[in-house]
Amino acid sequence: MGITVSGLLIPTPWLATVYASSDQRGTVTFSVAGGGLCSTNAAYKPVDIHWANLSNGRSGATSVQPCSFGDPTYPGLFKKAHTGSGQVVLALVVPGAIPATIPGYGTLSAP
């Protein structure tokens with residue numbers, strides 16, 4: 001989970017919730033709930049997810065678009081990562097909101 005502030009005249013905090021699912025062993029699909037962010041000028045800002053598998057040493061990063069703009073096939077809503085099985089740690093940031101962003105952290109167990 002991470003937090004950022006919109007670029008509006010009255011800043012709006014936004015908590016990013018990252019969802020992870022898997023339909024294939026060793027692969028994790030990430031998505032982000034846009035919520036209130038999608039009605040601000042920060043709606044087009046992707047969330048960068050950096051991950052590292054502590055069990056096998058694999059690491060990587062991906063950018064996920066949090067807002068669909070009414071189109072469930074909008075590019076970047078879901079991103080697959082080939083993490084391999086094991087304990088995976090995550091760090092996320094909204095790069096377009098820097099310096100007004102606090103990175104979030106999480107962990108998951110990949111099948």
Side-chain angles (χ1 to χ4, degrees):
M1 182 174 291
I3 187 169
T4 186
V5 178
S6 77
L8 300 175
L9 291 176
I10 301 172
T12 305
W14 174 62
L15 294 171
T17 302
V18 175
Y19 296 99
S21 62
S22 180
D23 60 0
Q24 181 180 350
R25 187 167 180 78
T27 301
V28 175
T29 300
F30 295 109
S31 62
V32 176
L37 175 77
C38 297
S39 61
T40 72
N41 61 345
Y44 293 94
K45 305 292 186 204
V47 174
D48 285 352
I49 300 171
H50 301 267
W51 57 268
N53 187 319
L54 301 177
S55 303
N56 62 24
R58 290 185 189 174
S59 63
T62 189
S63 294
V64 181
Q65 175 57 257
C67 304
S68 68
F69 307 102
D71 178 1
T73 63
Y74 193 81
L77 291 176
F78 301 94
K79 293 287 186 87
K80 282 193 176 190
H82 299 284
T83 62
S85 298
Q87 195 66 29
V88 179
V89 293
L90 309 171
L92 67 102
V93 67
V94 181
I98 291 174
T101 189
I102 300 170
Y105 303 94
T107 184
L108 62 92
S109 183

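All of these numbers come straight from a predicted model, not from anything done at the bench.
- Considering every non-hydrogen atom in both P66 and L77, the closest pair reads C-CD2, 4.5 Å.
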Side-chain donor-acceptor pairs under 3.5 Å in residues 22-30, sequence neighbours left out?
residue, atom, partner, partner atom, Å
S22, OG, Q24, O, 2.9
S22, OG, T27, O, 2.7
T27, OG1, H82, ND1, 3.4

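- For N53 (side chain) and S85 (main-chain N/O), a donor-acceptor pair under 3.5 Å exists by modelled atom type.
- Counting heavy atoms from C-beta on, the side chains of Y19 and S21 never come closer than 4.5 Å.
- Scanning both residues, V64 and S31, for their nearest heavy atoms gives CG1-CA, 3.8 Å.
- With rounding to the nearest 0.5 Å, the separation of CD in Q65 from CZ in F78 is 11.5 Å.
- Residues satisfying the ring pair (Phe, Tyr, Trp, His ring centres under 6.0 Å) test with Y74, not counting sequence neighbours, are F69.
- For the atom pair CG (L108) and CD (Q87), the distance works out to 7.0 Å, reported to the nearest 0.5 Å.
- The two residues W51 and A81 make their nearest non-hydrogen contact at NE1-CB, 3.6 Å.
- A salt bridge (Lys or Arg N to Asp or Glu O under 4.0 Å) check over residues 26-35, counting only residues at least two apart or in different chains, returns nothing.
- In this view, S63 and D48 satisfy the side-chain hydrogen bond (donor to acceptor under 3.5 Å, both in side chains) rule, not counting sequence neighbours.
- Here the NZ atom belonging to K80 is positioned 12.5 Å from the OG1 atom belonging to T62, to the nearest 0.5 angstrom.
- Counting only heavy atoms from C-beta outward, the side chains of T107 and L90 never approach each other to under 4.5 Å.
- Among residue pairs with one or both ends in residues 56-71, none qualify as salt bridge (Lys or Arg N to Asp or Glu O under 4.0 Å); sequence neighbours excluded.
- Residue V89 is found in a hydrophobic cluster whose other members, listed by chain and number, are L54; membership requires side-chain heavy atoms under 4.5 Å apart, directly or through intermediates.
- The shortest non-hydrogen separation linking N56 to T83 is ND2-O, 3.2 Å.
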